[in-house]
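FYI, the numbering just counts along the sequence from 1. Whatever order the structure lists ligands and atoms in, that order sets their numbers, starting from 1.
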Amino acid sequence: MLRKYGVIAGLMVLLSACQPSPSFLDPASPISNHVANLYWIILIMALVVFVLVEGALIWILIRDRKRSDDDELPAQIYGNTRLEIIWTLIPVLLVIALFVMTVQTVNAIAIPKSATSDLNLRVVGHRWWWEFDYPDLGIATANELHIPVGTTVQVSLESVDVIHSFWVPQLSGKTDVIPGQHNTMWLTGDQVGEYLGQCAEFCGTQHAFMRFKVIVDSKEDFDAWVANQQKPAYQPQTEDEQVGYDEIATGACSACHSLEPSEIETEKVGPNLAHLFSRTTFAGGTFDLNEENLRSWLHDTQAMKPGNDMQITIPSQQFEQLVTYLKKLK
Ligand code: CUA
(Lines give C-alpha, C1' and ligand atoms only; values in the text may rest on other atoms or scores of the structure.)
Protein backbone atom coordinates (compact mmCIF):
# COMPACT_ATOMS: atom_id res chain seq x y z
CA MET A 1 0.00 0.00 0.00
CA LEU A 2 2.71 2.45 1.09
CA ARG A 3 4.70 1.58 -2.00
CA LYS A 4 1.67 2.35 -4.19
CA TYR A 5 1.30 5.79 -2.62
CA GLY A 6 5.03 6.32 -3.01
CA VAL A 7 4.78 5.63 -6.73
CA ILE A 8 1.76 7.99 -7.07
CA ALA A 9 3.56 10.74 -5.14
CA GLY A 10 6.65 10.26 -7.32
CA LEU A 11 4.57 10.50 -10.49
CA MET A 12 2.90 13.67 -9.24
CA VAL A 13 6.28 15.27 -8.53
CA LEU A 14 7.45 14.28 -12.02
CA LEU A 15 4.28 15.65 -13.63
CA SER A 16 4.50 18.90 -11.73
CA ALA A 17 8.11 19.23 -12.84
CA CYS A 18 7.33 18.92 -16.55
CA GLN A 19 4.13 21.03 -16.67
CA PRO A 20 4.36 24.76 -16.22
CA SER A 21 1.88 25.35 -13.45
CA PRO A 22 0.30 28.78 -13.44
CA SER A 23 -0.56 30.07 -9.99
CA PHE A 24 -2.80 32.85 -8.73
CA LEU A 25 0.11 33.63 -6.39
CA ASP A 26 1.95 34.95 -9.43
CA PRO A 27 -0.74 37.49 -10.36
CA ALA A 28 -0.80 39.50 -13.59
CA SER A 29 -4.13 41.26 -13.14
CA PRO A 30 -5.90 43.36 -10.50
CA ILE A 31 -8.31 40.47 -9.77
CA SER A 32 -5.59 37.94 -9.05
CA ASN A 33 -3.66 40.60 -7.11
CA HIS A 34 -6.58 41.11 -4.72
CA VAL A 35 -7.12 37.38 -4.34
CA ALA A 36 -3.42 36.70 -3.75
CA ASN A 37 -3.22 39.47 -1.13
CA LEU A 38 -6.18 38.04 0.78
CA TYR A 39 -4.63 34.58 0.58
CA TRP A 40 -1.35 35.79 2.13
CA ILE A 41 -3.12 37.70 4.92
CA ILE A 42 -5.22 34.63 5.82
CA LEU A 43 -2.19 32.34 5.62
CA ILE A 44 -0.15 34.59 7.92
CA MET A 45 -3.04 34.89 10.41
CA ALA A 46 -3.48 31.11 10.42
CA LEU A 47 0.27 30.60 10.89
CA VAL A 48 0.37 32.98 13.87
CA VAL A 49 -2.60 31.17 15.48
CA PHE A 50 -1.01 27.78 14.78
CA VAL A 51 2.36 28.73 16.25
CA LEU A 52 0.78 30.34 19.37
CA VAL A 53 -1.64 27.47 20.08
CA GLU A 54 0.77 24.64 19.32
CA GLY A 55 3.60 26.49 21.08
CA ALA A 56 1.48 26.94 24.24
CA LEU A 57 0.44 23.28 24.08
CA ILE A 58 4.00 22.00 23.78
CA TRP A 59 5.24 24.40 26.44
CA ILE A 60 2.54 23.23 28.91
CA LEU A 61 3.20 19.55 28.10
CA ILE A 62 6.89 19.99 28.87
CA ARG A 63 6.45 22.27 31.87
CA ASP A 64 3.83 20.06 33.57
CA ARG A 65 5.13 16.64 32.57
CA LYS A 66 5.19 13.93 35.20
CA ARG A 67 8.53 13.88 37.03
CA SER A 68 9.94 10.74 38.64
CA ASP A 69 9.72 12.03 42.23
CA ASP A 70 6.24 13.46 41.69
CA ASP A 71 3.40 11.21 42.92
CA GLU A 72 0.74 13.75 43.77
CA LEU A 73 -2.14 14.68 41.47
CA PRO A 74 -1.93 18.35 40.40
CA ALA A 75 -4.71 20.74 41.36
CA GLN A 76 -7.92 19.81 39.45
CA ILE A 77 -9.55 22.85 37.81
CA TYR A 78 -13.14 22.80 36.53
CA GLY A 79 -13.82 25.85 34.35
CA ASN A 80 -12.19 29.26 34.22
CA THR A 81 -14.59 31.95 33.07
CA ARG A 82 -11.95 34.53 32.24
CA LEU A 83 -9.92 32.10 30.08
CA GLU A 84 -13.04 30.85 28.32
CA ILE A 85 -14.13 34.39 27.45
CA ILE A 86 -10.65 35.15 26.09
CA TRP A 87 -10.46 32.06 23.89
CA THR A 88 -13.96 32.64 22.57
CA LEU A 89 -13.47 36.33 21.92
CA ILE A 90 -10.17 36.03 20.01
CA PRO A 91 -11.54 33.62 17.33
CA VAL A 92 -14.74 35.70 17.00
CA LEU A 93 -12.64 38.82 16.35
CA LEU A 94 -10.50 36.91 13.85
CA VAL A 95 -13.57 35.64 11.98
CA ILE A 96 -15.02 39.17 11.86
CA ALA A 97 -11.72 40.50 10.47
CA LEU A 98 -11.69 37.71 7.84
CA PHE A 99 -15.31 38.46 6.92
CA VAL A 100 -14.63 42.18 6.45
CA MET A 101 -11.53 41.55 4.33
CA THR A 102 -13.36 38.96 2.22
CA VAL A 103 -16.26 41.34 1.54
CA GLN A 104 -13.77 44.07 0.60
CA THR A 105 -12.05 41.69 -1.82
CA VAL A 106 -15.33 40.52 -3.34
CA ASN A 107 -16.31 44.17 -3.92
CA ALA A 108 -12.91 45.02 -5.37
CA ILE A 109 -13.12 42.25 -7.97
CA ALA A 110 -16.82 42.69 -8.81
CA ILE A 111 -17.58 43.18 -12.51
CA PRO A 112 -17.07 46.88 -13.36
CA LYS A 113 -19.87 48.74 -15.17
CA SER A 114 -19.40 48.22 -18.87
CA ALA A 115 -17.94 51.13 -20.85
CA THR A 116 -17.58 51.76 -24.57
CA SER A 117 -13.82 51.15 -24.31
CA ASP A 118 -14.39 47.61 -23.07
CA LEU A 119 -13.81 44.56 -25.21
CA ASN A 120 -16.72 42.12 -25.37
CA LEU A 121 -15.86 38.45 -25.46
CA ARG A 122 -18.07 35.42 -25.70
CA VAL A 123 -16.68 32.17 -24.32
CA VAL A 124 -18.34 28.89 -25.24
CA GLY A 125 -17.35 25.63 -23.61
CA HIS A 126 -17.37 22.55 -25.83
CA ARG A 127 -16.24 19.05 -24.94
CA TRP A 128 -13.23 19.53 -25.01
CA TRP A 129 -12.14 22.83 -26.41
CA TRP A 130 -12.90 26.52 -25.98
CA GLU A 131 -14.62 28.77 -28.48
CA PHE A 132 -13.77 32.47 -28.27
CA ASP A 133 -15.97 34.93 -30.17
CA TYR A 134 -15.54 38.70 -30.40
CA PRO A 135 -19.06 39.79 -31.42
CA ASP A 136 -18.10 43.46 -31.96
CA LEU A 137 -15.08 42.56 -34.09
CA GLY A 138 -16.59 39.71 -36.10
CA ILE A 139 -13.99 37.19 -34.99
CA ALA A 140 -14.48 33.57 -34.01
CA THR A 141 -11.48 31.58 -32.85
CA ALA A 142 -10.60 28.72 -30.54
CA ASN A 143 -8.36 27.80 -27.62
CA GLU A 144 -6.23 30.95 -27.86
CA LEU A 145 -7.60 34.20 -26.68
CA HIS A 146 -5.99 37.57 -27.42
CA ILE A 147 -6.70 40.65 -25.33
CA PRO A 148 -5.03 44.07 -25.33
CA VAL A 149 -3.04 44.96 -22.23
CA GLY A 150 -4.81 47.07 -19.59
CA THR A 151 -8.27 46.74 -21.19
CA THR A 152 -11.39 45.63 -19.35
CA VAL A 153 -12.77 42.56 -21.10
CA GLN A 154 -16.45 41.83 -20.43
CA VAL A 155 -16.86 38.09 -20.75
CA SER A 156 -20.09 36.20 -21.26
CA LEU A 157 -19.91 32.45 -20.82
CA GLU A 158 -22.08 29.64 -22.09
CA SER A 159 -21.81 25.94 -22.79
CA VAL A 160 -23.22 23.75 -25.54
CA ASP A 161 -23.01 20.48 -23.63
CA VAL A 162 -22.03 20.03 -19.97
CA ILE A 163 -20.79 22.26 -17.17
CA HIS A 164 -17.25 23.56 -17.63
CA SER A 165 -15.37 26.19 -15.67
CA PHE A 166 -13.29 29.01 -17.13
CA TRP A 167 -10.14 29.67 -15.16
CA VAL A 168 -6.96 31.65 -15.84
CA PRO A 169 -5.21 31.53 -12.45
CA GLN A 170 -2.94 34.53 -13.05
CA LEU A 171 -5.73 36.73 -14.41
CA SER A 172 -9.06 35.77 -12.83
CA GLY A 173 -11.01 33.50 -10.55
CA LYS A 174 -13.08 30.57 -11.80
CA THR A 175 -16.49 31.04 -13.37
CA ASP A 176 -18.74 28.12 -14.21
CA VAL A 177 -19.80 27.71 -17.83
CA ILE A 178 -23.29 26.22 -17.70
CA PRO A 179 -25.54 24.97 -20.52
CA GLY A 180 -28.72 27.05 -20.81
CA GLN A 181 -27.35 29.88 -18.72
CA HIS A 182 -25.33 33.04 -19.42
CA ASN A 183 -22.72 33.73 -16.80
CA THR A 184 -20.61 36.85 -16.83
CA MET A 185 -17.19 37.77 -15.56
CA TRP A 186 -14.40 40.16 -16.46
CA LEU A 187 -10.76 39.93 -17.29
CA THR A 188 -7.88 42.29 -17.63
CA GLY A 189 -4.18 41.73 -18.11
CA ASP A 190 -1.64 44.12 -16.58
CA GLN A 191 1.40 42.71 -18.31
CA VAL A 192 2.01 41.60 -21.88
CA GLY A 193 2.54 37.83 -21.95
CA GLU A 194 0.97 34.41 -22.25
CA TYR A 195 -1.17 32.96 -19.49
CA LEU A 196 -2.37 29.40 -19.29
CA GLY A 197 -6.01 28.64 -18.63
CA GLN A 198 -7.70 25.39 -17.79
CA CYS A 199 -11.20 24.00 -17.50
CA ALA A 200 -11.74 23.69 -13.76
CA GLU A 201 -14.86 21.55 -13.64
CA PHE A 202 -14.75 17.83 -14.42
CA CYS A 203 -16.46 17.48 -17.78
CA GLY A 204 -15.54 14.03 -19.08
CA THR A 205 -12.57 11.92 -20.03
CA GLN A 206 -10.60 14.76 -21.65
CA HIS A 207 -11.29 17.34 -18.96
CA ALA A 208 -7.59 17.68 -18.18
CA PHE A 209 -6.98 18.43 -21.87
CA MET A 210 -9.42 21.30 -22.06
CA ARG A 211 -6.80 23.98 -21.82
CA PHE A 212 -6.41 27.38 -23.39
CA LYS A 213 -4.09 30.35 -23.55
CA VAL A 214 -4.74 34.00 -22.91
CA ILE A 215 -2.30 36.13 -24.85
CA VAL A 216 -2.10 39.66 -23.49
CA ASP A 217 -0.86 41.78 -26.40
CA SER A 218 0.37 45.34 -26.63
CA LYS A 219 -2.30 47.56 -28.21
CA GLU A 220 -0.45 47.50 -31.58
CA ASP A 221 -0.03 43.71 -31.57
CA PHE A 222 -3.68 43.25 -30.68
CA ASP A 223 -4.81 45.51 -33.54
CA ALA A 224 -2.58 43.57 -35.94
CA TRP A 225 -3.99 40.28 -34.67
CA VAL A 226 -7.57 41.55 -35.11
CA ALA A 227 -6.85 42.81 -38.63
CA ASN A 228 -5.48 39.39 -39.60
CA GLN A 229 -8.35 37.46 -38.01
CA GLN A 230 -10.91 39.61 -39.84
CA LYS A 231 -9.42 38.79 -43.22
CA PRO A 232 -11.16 36.07 -45.23
CA ALA A 233 -9.54 32.65 -45.14
CA TYR A 234 -6.72 32.01 -47.62
CA GLN A 235 -8.08 31.41 -51.10
CA PRO A 236 -6.71 28.34 -52.89
CA GLN A 237 -4.11 29.14 -55.57
CA THR A 238 -3.24 25.68 -56.86
CA GLU A 239 -5.20 22.58 -57.79
CA ASP A 240 -4.08 20.75 -54.66
CA GLU A 241 -5.10 23.66 -52.46
CA GLN A 242 -8.46 23.76 -54.19
CA VAL A 243 -9.13 20.10 -53.36
CA GLY A 244 -8.23 20.75 -49.70
CA TYR A 245 -10.34 23.90 -49.65
CA ASP A 246 -13.38 22.13 -51.14
CA GLU A 247 -13.13 19.39 -48.56
CA ILE A 248 -13.32 21.92 -45.72
CA ALA A 249 -15.67 24.48 -47.24
CA THR A 250 -18.24 22.13 -48.75
CA GLY A 251 -17.10 18.55 -48.07
CA ALA A 252 -17.20 16.34 -45.01
CA CYS A 253 -15.31 18.86 -42.82
CA SER A 254 -17.93 21.56 -43.36
CA ALA A 255 -20.43 19.75 -41.18
CA CYS A 256 -18.34 20.66 -38.13
CA HIS A 257 -15.90 23.39 -39.20
CA SER A 258 -16.15 26.78 -40.84
CA LEU A 259 -13.78 28.88 -42.91
CA GLU A 260 -15.78 32.08 -42.34
CA PRO A 261 -13.74 34.16 -39.88
CA SER A 262 -16.79 35.54 -38.12
CA GLU A 263 -18.98 32.47 -38.15
CA ILE A 264 -19.98 31.81 -34.61
CA GLU A 265 -19.38 28.15 -34.03
CA THR A 266 -21.98 27.29 -31.45
CA GLU A 267 -24.05 25.47 -34.04
CA LYS A 268 -20.91 23.73 -35.22
CA VAL A 269 -19.14 20.98 -33.38
CA GLY A 270 -15.57 21.97 -34.16
CA PRO A 271 -13.38 25.09 -34.09
CA ASN A 272 -13.30 27.76 -36.79
CA LEU A 273 -10.44 27.03 -39.17
CA ALA A 274 -10.22 30.36 -41.06
CA HIS A 275 -6.91 31.26 -39.40
CA LEU A 276 -5.97 27.92 -37.90
CA PHE A 277 -2.20 28.34 -38.23
CA SER A 278 -2.23 31.72 -36.51
CA ARG A 279 -2.65 29.64 -33.36
CA THR A 280 0.14 27.74 -31.65
CA THR A 281 -1.85 24.85 -30.22
CA PHE A 282 -4.91 22.79 -31.10
CA ALA A 283 -7.36 20.22 -29.70
CA GLY A 284 -8.09 22.17 -26.53
CA GLY A 285 -4.56 23.54 -26.20
CA THR A 286 -3.31 19.95 -25.95
CA PHE A 287 -0.81 19.77 -28.82
CA ASP A 288 1.58 22.18 -30.47
CA LEU A 289 0.21 23.15 -33.84
CA ASN A 290 2.75 22.01 -36.42
CA GLU A 291 2.61 19.89 -39.53
CA GLU A 292 3.75 16.71 -37.79
CA ASN A 293 1.05 16.89 -35.11
CA LEU A 294 -1.57 17.94 -37.65
CA ARG A 295 -0.79 14.87 -39.77
CA SER A 296 -1.01 12.57 -36.75
CA TRP A 297 -4.30 14.20 -35.80
CA LEU A 298 -5.84 13.75 -39.25
CA HIS A 299 -4.64 10.14 -39.37
CA ASP A 300 -6.25 9.21 -36.07
CA THR A 301 -7.77 11.88 -33.87
CA GLN A 302 -9.09 9.27 -31.45
CA ALA A 303 -5.59 7.96 -30.76
CA MET A 304 -4.44 11.47 -29.84
CA LYS A 305 -7.50 12.56 -27.89
CA PRO A 306 -9.80 9.60 -27.19
CA GLY A 307 -13.50 10.45 -27.08
CA ASN A 308 -13.33 13.75 -28.97
CA ASP A 309 -16.11 14.52 -31.44
CA MET A 310 -13.95 14.23 -34.56
CA GLN A 311 -14.59 10.63 -35.49
CA ILE A 312 -13.88 10.56 -39.19
CA THR A 313 -11.27 9.03 -41.41
CA ILE A 314 -9.84 11.37 -44.02
CA PRO A 315 -9.90 9.71 -47.46
CA SER A 316 -6.28 8.98 -48.31
CA GLN A 317 -6.53 10.53 -51.80
CA GLN A 318 -7.38 13.92 -50.24
CA PHE A 319 -5.06 13.73 -47.26
CA GLU A 320 -2.05 15.55 -48.74
CA GLN A 321 -4.22 18.24 -50.34
CA LEU A 322 -5.97 18.83 -47.05
CA VAL A 323 -2.67 19.24 -45.19
CA THR A 324 -1.35 21.51 -47.95
CA TYR A 325 -4.36 23.80 -47.70
CA LEU A 326 -4.65 23.78 -43.89
CA LYS A 327 -1.02 24.91 -43.58
CA LYS A 328 -1.86 28.03 -45.56
CA LEU A 329 -4.49 29.17 -43.09
CA LYS A 330 -2.33 31.71 -41.29
CU1 CUA B 1 -14.50 21.29 -19.52
CU2 CUA B 1 -13.53 20.22 -17.63
Quick one: do Phe222 and Lys219 satisfy side chain to side chain contact (heavy atoms under 4.5 Å, CB included)? Show the steps, please. CA-CA 5 Å; Phe222 180 74; Lys219 294 260 193 297; 5.8 Å; no
Just the protein N/O/S atoms under 2.8 Å from atom 1 (Cu) of ligand 1, please, no waters. His164 ND1, Cys199 SG, Cys203 SG, Met210 SD
No-hydrogen, no-angle side-chain donor-acceptor test under 3.5 Å, Glu84 and Asn80: no
Return yes when atom CD of Glu239 has more than 12 non-hydrogen atoms of other residues, nucleotides or ligands closer than 6.0 Å, and no otherwise. no
Determine whether Phe287 and Val323 fall in the same hydrophobic cluster, where Ile, Leu, Val, Met, Phe, Trp and Tyr are linked whenever their side-chain heavy atoms lie under 4.5 Å apart. yes
Geometric class of the Tyr325/Tyr234 ring pair [parallel <30°, tilted 30-60°, perpendicular >60°]: tilted
Do the ring centers of His146 and Phe132 come within less than 6.0 Å of each other? no
